[in-house]
Structures are given as C-alpha cells and as structure tokens.
Amino acid sequence: LESIIHPALFRKFESICGQLNSLSGGIWVFYEAALIFEAGREKEFDAVVSVVAPDEVRRARLSQSRGLPQQTVSAIFSAQVTDQVRRAKSHFIIENSDDSQPLRHSALQLVENLRNFFHPQSH
C-alpha cells in the first residue's frame, strides 16, 4: 500500500511546488514525512529537519496520543531509523524533550538557520 500511496503523494507535492514556485519563486515549502530516511527519500529535498526526543519520551507520547499498547509502539519503533541515523542525515535538528520554551526558541532558531542556508548572502 505504501509503495502505491507515497509515490503518488510525492508526485502531487512536486506538482504543487512547481505551481507555487512559478507564482512566487523562492518560497519555502515544508513536507512532513515521518519515514523519510526509512524510504531513502532524504536526497529528494533541499534540506531535512528532524525533531528528536529521547525514546522513552517518544514512546510515552505515541502511546498516550493514539492509545496504543506498548507492543504496537515497539513495532512502530522497530520500523524506524535510530535517532543516531536521523541526526547524521539531517541538515537541522530540533530537540523536543519536554519543556515548551526551549522548543519555541529552537523553532525560531530554525527559521534563522533556514534563512542562512537558503539565502547566505542576505545575512
């Protein structure tokens, strides 16, 4: 099912990006892809931002938000790359442990980092 849905979604995404770029070139478009590394698609993007948190925090959040049993949570985690791989392959990392204030600061810092990444001469 994923081999059918994901390519179709990405083709639609590329089409929309082309339309947006023709209207106002240089805009940023974000594509949320939880399994980007697992699918080997990270090279299809100009930059990859990963949001990471300790495994125990992520497991608790997943279990609570979706009401999943630990066995299902473990199966989901076993299908994902490790944070070590995610960190190595990402252009930017946001830490999302618990405290919302540092997360807010990290998000603002990300915007500045993206500006520098995409438009280095303007700073």
Side-chain angles (χ1 to χ4, degrees):
L1 186 61
E2 286 188 21
S3 67
I4 296 169
I5 292 173
H6 289 284
L9 286 174
F10 196 70
R11 282 192 301 275
K12 184 66 172 175
F13 172 75
E14 287 179 315
S15 172
I16 291 169
C17 285
Q19 292 170 5
L20 290 171
N21 195 44
S22 70
L23 295 172
S24 59
I27 64 168
W28 297 347
V29 178
F30 292 85
Y31 185 90
E32 192 281 327
L35 301 177
I36 187 171
F37 300 115
E38 293 79 357
R41 297 189 48 220
E42 65 273 12
K43 290 179 177 57
E44 298 173 13
F45 300 94
D46 295 326
V48 175
V49 177
S50 287
V51 180
V52 299
D55 281 356
E56 62 275 4
V57 171
R58 291 176 45 224
R59 286 176 182 272
R61 287 175 180 164
L62 184 58
S63 181
Q64 287 177 331
S65 68
R66 297 191 188 168
L68 299 174
Q70 285 304 313
Q71 182 178 4
T72 303
V73 171
S74 292
I76 291 170
F77 267 65
S78 69
Q80 297 177 349
V81 298
T82 64
D83 269 359
Q84 182 179 7
V85 170
R86 192 171 311 284
R87 287 173 186 277
K89 291 186 171 189
S90 296
H91 295 86
F92 304 98
I93 300 290
I94 291 182
E95 302 286 343
N96 184 15
S97 295
D98 273 328
D99 196 313
S100 64
Q101 190 58 33
L103 181 59
R104 188 176 327 248
H105 174 76
S106 294
L108 293 172
Q109 184 63 51
L110 173 64
V111 171
E112 186 61 29
N113 290 341
L114 288 169
R115 278 190 191 117
N116 291 331
F117 183 81
F118 288 109
H119 309 289
Q121 5 353 2
S122 65
H123 284 79

Are Arg87 and Ser50 side-chain neighbours, meaning at least one heavy-atom pair lies under 4.5 Å? no

More than 12 heavy atoms of other residues, nucleotides or ligands under 6.0 Å from CD of Gln84: is that the case? no

Does one hydrophobic cluster hold both Val49 and Leu103, with members joined at side-chain heavy-atom distances below 4.5 Å? yes

Ala53 to Asp83 - nearest heavy-atom pair and separation: O-OD2, 3.2 Å

Salt bridge present between Glu112 and Arg115 (N-O < 4.0 angstrom): yes

Could you state the interatomic distance from OG (Ser22) to CG (Leu20), rounded to the nearest 0.5 Å? 7.5 Å

Say you draw a straight line from CZ of Phe77 to CD of Gln70; how long is it, rounded to the nearest 0.5 Å? 9.0 Å

Given Glu44 and Tyr31, is the side chain to side chain contact (heavy atoms under 4.5 Å, CB included) satisfied, shown in steps? CA-CA 11 Å; Glu44 298 173 13; Tyr31 185 90; over 6 Å; no

Honestly curious: do Val51 and Ile93 fall in one hydrophobic cluster under the side-chain, below-4.5 Å linking rule? no

Side chain to side chain contact (heavy atoms under 4.5 Å, CB included), that's the test. Do Val29 and Ile16 meet it? Break it down for me. CA-CA 10 Å; Val29 178; Ile16 291 169; over 6 Å; no

In terms of hydrophobic clustering (I, L, V, M, F, W, Y; side-chain heavy atoms under 4.5 Å; direct or indirect links), are Ile36 and Ile4 co-clustered? no

Geometric cation-pi criterion Arg86 and Phe37, 6.0 Å radius, 45° cone: no

Once you measure the plane-to-plane angle for Trp28 and Phe118, does it fall in the parallel (<30°), tilted (30-60°) or perpendicular (>60°) bin? tilted

Leu35 versus Gln80, closest heavy-atom pair with distance: CD2-CG, 4.0 Å

How far does SG of Cys17 sit from CZ of Phe10, to the nearest 0.5 angstrom? 7.5 Å

Single-linkage hydrophobic cluster, 4.5 Å side-chain cutoff, Val52 and Val85 together: no

In Å, rounded to the nearest 0.5 Å, how long is the span from CG of Leu9 to CD of Glu14? 11.5 Å

Proximity of Phe30 and Phe45 rings by center, below 6.0 Å: no

Hey, is CD on Gln71 packed in by over 12 heavy atoms from elsewhere, all under 6.0 Å? no

Say you draw a straight line from CZ of Arg61 to CD of Glu56; how long is it, rounded to the nearest 0.5 Å? 10.5 Å

Output, in order, the C-alpha distance, side-chain angles, deciding distance and verdict of side chain to side chain contact (heavy atoms under 4.5 Å, CB included) for Leu62 and Arg58. CA-CA 6 Å; Leu62 184 58; Arg58 291 176 45 224; over 6 Å; no

Run the numbers on Arg59 and Ser74 for side chain to side chain contact (heavy atoms under 4.5 Å, CB included), then give the verdict. CA-CA 8 Å; Arg59 286 176 182 272; Ser74 292; 3.2 Å; yes

Are Leu108 and Val111 connected, step by step, through hydrophobic side chains (Ile, Leu, Val, Met, Phe, Trp, Tyr) whose heavy atoms are closer than 4.5 Å? no

